[in-house]
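Step one of this worksheet: look at the structure below.
Reminder, nothing fancy here: chain letters follow the sequence lines and each chain counts from 1. The analysis underlying the following values was restricted to heavy atoms, covering all of them including side chains, and did not include hydrogens, waters or symmetry mates.
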Amino acid sequence: MTDTNPLMLYNSLVRDKQVFEPIRPGRVHMYVCGPTVYSDAHLGHGKTYINFDTVVRYLRYLGYRVLYVQNITDVGHLLDGGEDRILKGAAREQLQPMELAERYTRRYYRDMDRLNVLRPDIAPRATGHVIEMITLIQKLIDSGHAYEANGSVYFAVESFPEYGKLSGRRVEDLQSGTREAVRDEKRHPADFALWKRAEPEHVMRWPSPWGEGFPGWHIECSAMAIKYLGQPFDIHGGGVENKFPHHECEIAQAEAATGEPFARYWMHNGMLMIRGEEMHKSLGNFVTLEQAFERWDPMVIRLFVLLSHYRGPLDLTEEAVDAAERGLERLYNAIRTVRRRRTGAPEGALDPEISALLEETRGRFEAAMNDDLNTPAAIAALFDMTREVNARLTDDAALSDASLEAIDALYTRLAGDALGLLSESLDQDLTAGLTADLLDLLIATRARLRQAKQYALADGIRDSLADLGVILQDGPEGTRWVLR
RNA sequence: GGCGACGUAGCCAAGUGGUCAAGGCAGGGGUCUGCAAAACCCCCAUCGUCGGUUCGAUUCCGACCGUCGCCUCCA
């Protein structure tokens with residue numbers, strides 16, 4: 001743990017920042033609503049899971065042992081028309097539902113891996129937990145919080161007075177958006193489905209005490225969170241757009257069934273916008289992560305996301321992401337130089353001024369992060385440190401190995417471990433031995449040309465390499481190359 | 001209509017009741033370089049509008065304008 005101010009988190013449940021105190025000392029149990037795996041993950045998923053990955057990373061940075069559960073929704077998440085997203089996707093791609101779910105689950109993790117989003121410790125699938133859901137639903141029926149109607153089961157919102165406490169809504173104010181067909185089955189328009197009767201043509205179906213059917217979307221998260229994290233647990237996260245009804249319903253189900261509180265801290269992240277508009281297929285501004293990666297390095301996307309506060313909306317424009325790209329390059333350049341300098345650096349103790357700089361940076365970083373994960377302010381501390389480090393690297397070339405090692409270590413810990421911003425992208429110019437040897441040959445040749453003042457030829461080599469994506473940088477210690 | 005969020009420099013984005021405000025990108029001027037690149041130094045904002053509270057507000061309150069989210073099972 002640290003010696004700075006305590007970790008404060010904004011808790012949607014109380015609409016204020018609170019000192020974070022885990023239920024079990026030193027441990028954190030955390031749940032985040034995972035994706036519905038019916039198509040490729042998009043930039044919005046990227047923001048959400050980067051945001052919560054950063055929460056997990058920082059908690060671990062602080063020394064907590066974190067148990068992170070993020071589900072995979074592979075059934076029950078319906079479209080407006082009542083069609084199951086998974087079934088629709090399966091029909092679209094002529095696959096069995098589970099083939100589809102498997103395909104997009106793998107692609108989801110592939111994209112998240114590239115964004116340096118750590119995989120959850122447990123990734124339960126909804127279809128693997130139908131028994132737990134049925135058990136929970138039965139409990140709700142037995143306790144009078146749910147009722148069966150024509151093979152479907154609904155939660156009775158009027159039986160749970162606290163319904164609405166997360167989203168600030170009152171049952172009386174809720175409009176009924178329910179489709180005509182099922183409106184008659186409900187006792188109250190705001191009642192929501194726990195279990196749905198499967199029509200004959202519905203492929204995804206399970207036997208239950210109420211006949212063949214499938215679970216509602218909300219009950220999945222309650223059942224899986226309780227199973228793996230216990231009740232109550234520490235942190236529940238998700239996109240703000242799911243605050244109502246999804247999270248509100250999760251609370252109602254879990255707390256009505258057991259009488260125990262569900263999650264202590266509710267964290268909601270803001271949505272990603274594209275040029276001022278919500279990203280939506282119908283607006284034609286839908287960008288999958290795979291598409292975005294063709295344009296930008298995943299770490300650029302990650303930095304861009306962390307450059308704004310997780311709770312706010314984030315408006316993506318090409319200009320803004322390009323700016324983040326340049327910023328990342330600046331950070332990487334400094335780290336690369338520090339690491340290179342370690343070869344052949346003079347022995348010696350850690351420079352007291354460097355030590356002070358690193359301590360100050362660490363303090364500012366932690367103070368910012370402890371204030372409800374203020375990543376923009378934390379990153380500002382890193383950039384300030386980078387300016388100082390660069391100045392030292394240019395001015396006197398005599399930084400001791402101990403100093404360089406300490407700088408490297410802090411970058412690794414803050415930018416790498418806590419923010420997840422360092423990946424193989426950083427080391428890309430250290431790859432491919434043969435390529436590096438050939439480049440060294442070219443650089444040596446160019447050096448001779450420069451000595452002979454054959455600048456036109458020397459610049460020609462530099463320009464040609466630039467076209468291939470290799471940037472040459474001449475410095476007092478010779479020429480270095482980096483990939484762009 | 002109900003609930004909620006936001007409006008800070010050319011772009012993105014933190015933040016604070018009282019030396020009129022981080023950081024990144026872009027831009028201008030320097031240093032360094034054969035020229036570049038990288039890097040460093042300097043410059044570049046009165047905080048949506050109008051009121052109010054206060055000795056003093058960008059930061060607190062109200063109204064208005066604007067943008068956005070949820071309510072209609074998108075992360």
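- Contact annotation: side chain of A:Asn242 to base of B:rG69, donor-acceptor pair absent below 3.5 Å.
- When each of A:Arg450 and A:Asp315 is assigned the nucleotide of RNA chain B with its nearest heavy atom, A:Asp315 is the one assigned upstream, toward the 5' end.
- Per the geometry, CE belonging to A:Met273 stands 15 Å off C1' belonging to B:rC12, to the nearest Å.
- Seen from the ring of A:Phe383, A:Arg330 does not count as a face-on cation partner, given the 6.0 Å and 45° thresholds.
- Rounded to whole Å, the distance from CZ on A:Arg392 to P on B:rC41 is 12 Å.
- Comparing A:Ala458 and A:Leu272, the nucleotide of RNA chain B nearest to each residue sits closer to the 5' end for A:Ala458.
- The residue A:Leu472 sits close to a base: some heavy atom pair falls under 4.0 Å.
- Remark: the separation of the C1' atoms in B:rC55 and B:rC12 is 37 Å, to the nearest Å.
- Look at B:rG17: it lacks any Watson-Crick or wobble partner with both distances under 3.5 angstrom.
- Listed candidates were B:rG23, B:rG24, B:rC73. Nearest to the side chain of A:Asp384 is B:rG23.
- For A:Pro245, the listed nucleotide lying nearest its side chain is B:rC71; candidates were B:rC71, B:rA75, B:rC25.
- Contacts of A:Tyr49 with the nucleic acid, taken as non-hydrogen atoms under 4.0 Å apart, involve only primed sugar atoms and P, OP1 or OP2.
- Here B:rC40 is the nucleotide among B:rC40, B:rA39, B:rA37 with the atom lying nearest to any side-chain atom of A:Arg387.
- Checking B:rA22, B:rA26, B:rA75 against the side-chain heavy atoms of A:Met271 singles out B:rA75 as nearest.
- Between A:Glu248 atom CD and B:rU72 atom P there is a gap of 13 Å when expressed in whole angstrom units.
- If you check every strand for non-hydrogen atoms under 4.0 Å, A:His218 touches a base.
- Counting to the nearest Å, the P atom of B:rG24 and the CD1 atom of A:Ile301 are 21 Å from each other.
- Remark: B:rA39 base-pairs with B:rU31. Criterion, Watson-Crick or G-U wobble with two distances under 3.5 Å.
- Remark: B:rG69 base-pairs with B:rC3. Criterion, Watson-Crick or G-U wobble with two distances under 3.5 Å.
- Among B:rC71, B:rA38, B:rC12, the nucleotide with an atom closest to any side-chain atom of A:Gln473 is B:rA38.
- Closest to the A:His42 side chain, of the nucleotides B:rG34, B:rC68, B:rA75, is B:rA75.
- A salt bridge does not link A:Arg326 with A:Glu329: every distance from a Lys NZ or Arg NE/NH1/NH2 to an Asp or Glu carboxylate oxygen is 4.0 Å or more.
- Residue side chain A:Thr48 reaches the base of B:rA75 through a donor-acceptor N/O pair under 3.5 Å, judged by distance alone.
- Side-chain proximity of A:Ala377 to the nucleotides B:rA37, B:rA14, B:rG23 is greatest for B:rA14.
- Side chain of A:Glu248 to main chain of A:Gly164: a donor-acceptor pair is present (N/O by atom type, distance under 3.5 Å, no hydrogens or angles).
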**OP:** Carefully, step by step, assess A:Asp53 and A:Arg57 under the rule salt bridge (charged side-chain N to carboxylate O under 4.0 Å, His left out).
**Re:** CA-CA 6 Å; A:Asp53 178 60; A:Arg57 283 174 175 274; 2.8 Å; yes

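- For the pair A:Arg462 and A:Asp459, the salt-bridge criterion is met [side-chain N within less than 4.0 Å of a carboxylate O].
- Here A:Gly44 lies in heavy-atom contact (under 4.0 Å) with a base.
- If you check B:rA22 for Watson-Crick or wobble pairing at under 3.5 angstrom, you find it has no partner at all.
- Ion pairing between a basic and an acidic side chain is recognised when a charged N comes within 4.0 Å of a carboxylate O; A:Arg197 and A:Glu185 show such pairing.
- Remark: the separation of the P atoms in B:rA57 and B:rA5 is 25 Å, to the nearest Å.
- Ranking B:rC73, B:rA75, B:rG24 by closeness to the A:Trp217 side chain, first place goes to B:rC73.
- As a whole-Å value, the separation of A:Tyr332 OH from B:rA37 P is 23 Å.
- A:Asn269 comes within 4.0 angstrom of nothing in the nucleic acid, heavy atoms only.
- Across all strands, A:Asn51 comes closer than 4.0 Å to no nucleic acid atom at all (heavy-atom distances).
- Straight-line distance between the C1' atoms of B:rA9 and B:rG24: roughly 13 Å, to the nearest whole Å.
- Salt bridge annotation for A:Arg107-A:Asp40: present, with a cationic side-chain nitrogen under 4.0 angstrom from a carboxylate oxygen.
- In this structure, the nucleotide among B:rC35, B:rG23, B:rC40 sitting nearest to the side chain of A:Arg462 is B:rC35.
- The existence of a salt bridge linking A:Arg446 and A:Asp474 is confirmed by a sub-4.0 Å separation between a basic side-chain nitrogen and an acidic carboxylate oxygen.
- Residue-level contact check: A:Tyr455 touches the bases, meaning some heavy atom is under 4.0 Å from a base atom.
- Using a 4.0 Å heavy-atom cutoff across all strands shown, A:Ser167 reaches sugar-phosphate atoms only and no base atom.
- The same atom, C1', is picked in B:rA45 and in B:rG23; the two are 15 Å apart, to the nearest Å.
- With rounding to whole Å, A:Arg341 atom CZ is found 13 Å from B:rA39 atom P.
- Between A:Leu373 atom CG and B:rA14 atom P there is a gap of 13 Å when expressed in whole angstrom units.
- Side-chain N/O atoms of A:Asp474 and base N/O atoms of B:rC35 include a donor-acceptor pair closer than 3.5 Å.
- Checking B:rA14, B:rC73, B:rC35 against the side-chain heavy atoms of A:Asp459 singles out B:rC35 as nearest.
- Using a 4.0 Å heavy-atom cutoff across all strands shown, A:Leu382 reaches no nucleic acid atom at all.
- In this structure, A:Glu325 atom CD and B:rA38 atom P are separated by 13 Å, rounded to whole Å.
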